[in-house]
Amino acid sequence: MNFKFTKESIEKINADLVFVVCFEKEGEKPVPATLQKMDGAQDLDKIFAGKISQTIKERQFFGKLGETLLINTFGKITAKNILIIGGGKPKTFTTETERQVGGKVTQVANAIKAESVGAVLELGKVHGTSVAERLQAFVEGMILASYSFDIFKKEACRIPKTLKTFLIQAKGNTATFQKVCAVAQVMGDATNLARDLTNKPSNKITPTALANAAQDVAKKHKNISCKVWGLKEIKAQKMGALLAVSQGSIEPPTFIHLTYKPSGNSKTKVALIGKGITFDSGGLNLKSRDQEFMKIDMGGAASVIGVFEALAILKPKIQVEGFIASCENMPSGSATRPGDILTTRAGTTVEVINTDAEGRLVLADALDYACEFNPTYMIDMATLTGGAAYALGELVTPILGNDKRLISLLLAAGQKAGERSWELPIIQDYKKGYLKGPADLKNSGSGSMASTISGALFLEDFARKNKWVHMDIASTSWAEEPNNYHTMIGATGNPVRTLLNFLMAL
Ligand code: BES
Ligand code: ZN
Ligand code: ZN
């Protein structure tokens, strides 16, 4: 997207479409919305001799979030169309509102084949949000809504993405606004990269293809390096858990190590660890449902790769290491049997009670390896438990960990990103069941219904004494319900922007 700044008043902005936001009236009964002064809407209404507000009444436009009213200008002003867009109730306004509006404007623009949109930037505080925060969220919404997953469709069935330029009327110094737009673009692109890797099916994104995607990022950017291990090196590393999960598949496992180094020296080092199961059939404990959905089981890994793509451009002053354990979980004559006992890289023995609890196994080896880099913080991301959906639903990511400060930083970063998260407690009593078998640990059967907490309990010790957080994205890395900026059912790229906000704020 090109971002251009102009001093022209709204009727002279040279765009295919200019938009103004209308808020919903407080009160129970919906009433037609009124035009605002701040964003030039009332000026436009004057030029059209009150016809815009008249249309708002006639068409019963209430200003609900994402509601749209499109008016052709037939040459009366420079822009070809005016879009009135609903912002919802003023009381509920947050930066997320901007993200939603940005997404909807982009959808409408592409639907009418507009190449440019224009608007007036409100400079003051709006409900406690600064202009930079609002602009960033709005542009994120635009970039996210520009994404679609249609590479497997015939050309004729794809919606062309015509929108290329955002013309912004802003007074004063526009250099900082330009920077804000650039950051939003990078964060949006990184999210879209993670979405794309996750949306692609398991026959396209194998463990080897996932490693290639990580290497592509490193090839593009001088400040990123990427090392990939195959079966031989993984064996040499004694990653017995990753090997046990992968052994039923004809696809060899990969272990991916990404590094971002800042230009100067940095004491702070963050390790990001991603679950990279490119297909989770359940193994011999074969899933009886939802298998067609299990291409998403590398969503954590996809987020790690997306984050590195953005780090290369945003260049924060900290070091970041990414670790991805990737394989397929398949049933076959060579697959791990329920009851088998494996030895993890850390030397812990694990009795595999359920081959479908494979994520914690591959993560155990990845966490253990990550510890050797002495990270200040360790954050793992994994589509680990179906229980995440029962705990917090589809819109909130459970966060569990051993460091209050790290957790609160991530919660705040998620809030800013429009990726909601909430802390779940790590209840040690639920660990008892894991200790009952013949090995050091069982991989399932904690005895608690709280499977998301149990998952975190399994991982905890593999982070050793480090400050560590686990994000269970099983329910939030995929959206069944499109919104204004996730225009289709599919991957959300969660929690790419949470991590980027967190890393940039460190
Ligand atoms: N990949 C699944 C979790 C999952 C479920 C992700 C639904 C996305 C949507 C994971 O490997 C799994 O199968 N977990 C089991 C663990 C159980 C066997 C302890 C689960 O949650 O049922
Ligand atoms: Zn599983
Ligand atoms: Zn899984």
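Counting from 1, the numbers follow the sequence of the chain as shown. Because only heavy atoms are used, hydrogens play no part in the values below, and waters and symmetry mates are left out as well, while side chains stay in. Everything quoted here is computed from the prediction, not taken from an experiment. Remember, it's 1-based here, ligands and their atoms both numbered in the order they're listed.
Remark: minimum distance from atom 17 (C) of ligand 1 to any protein heavy atom is reached at A357 CB, 4.3 Å. The protein atom (non-hydrogen) at minimum distance from atom 12 (C) of ligand 1 is D356 O, 3.2 Å. The nearest protein atom to atom 10 (C) of ligand 1, hydrogens excluded, is given as L384 O, 3.2 Å; this is a heavy-atom distance. Looking only at protein heavy atoms, the nearest one to atom 21 (O) of ligand 1 is G386 N, 2.8 Å. In this structure, atom 18 (C) of ligand 1 lies nearest to the protein heavy atom N354 ND2, 3.3 Å.
Remark: ligand 1 and S451 share no N or O pair separated by less than 3.5 Å (distance only, no angle test).
The atom name of the N/O/S atom in D297 closest to the Zn ion (ligand 3) is OD2.
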Y434 and Y430: CA distance, side-chain angles, deciding distance, ring-ring contact (aromatic ring centres under 6.0 Å, His included) verdict: CA-CA 8 Å; Y434 281 159; Y430 298 159; over 10 Å; no
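Contact analysis puts R360 in contact with ligand 1, with a non-hydrogen atom separation below 4.0 angstrom. By the 4.0 Å heavy-atom criterion, F293 is counted among the residues contacting ligand 1.
Contacts of T385 with ligand 1, taken as heavy-atom pairs under 4.0 Å, involve both backbone and side chain. Neither the backbone nor the side chain of R289 has a heavy atom within less than 4.0 Å of ligand 1.
The closest side-chain donor-acceptor pair between T376 and T268, if any, does not fall under 3.5 angstrom.
Atom NZ of K89 has more than 12 neighbouring heavy atoms from other residues, nucleotides or ligands inside a 6.0 Å radius.
Centred on the Zn ion (ligand 2), the angle running from D356 (OD1) to D280 (OD2) is recorded as 100°, rounding to 10°.
Note on K238 versus D365: no salt bridge recorded, every NZ/NE/NH1/NH2 to OD/OE distance being 4.0 Å or above.
Closest heavy-atom approach to atom 8 (C) of ligand 1 within the set A474, S475, A388, G387: this belongs to A474.
For T487 against Y147, the heavy-atom pair with the smallest separation is OG1-O, 3.8 Å.
Put simply, E358 gets within reach of the Zn ion (ligand 2), with an N, O or S atom under 2.8 Å from it.
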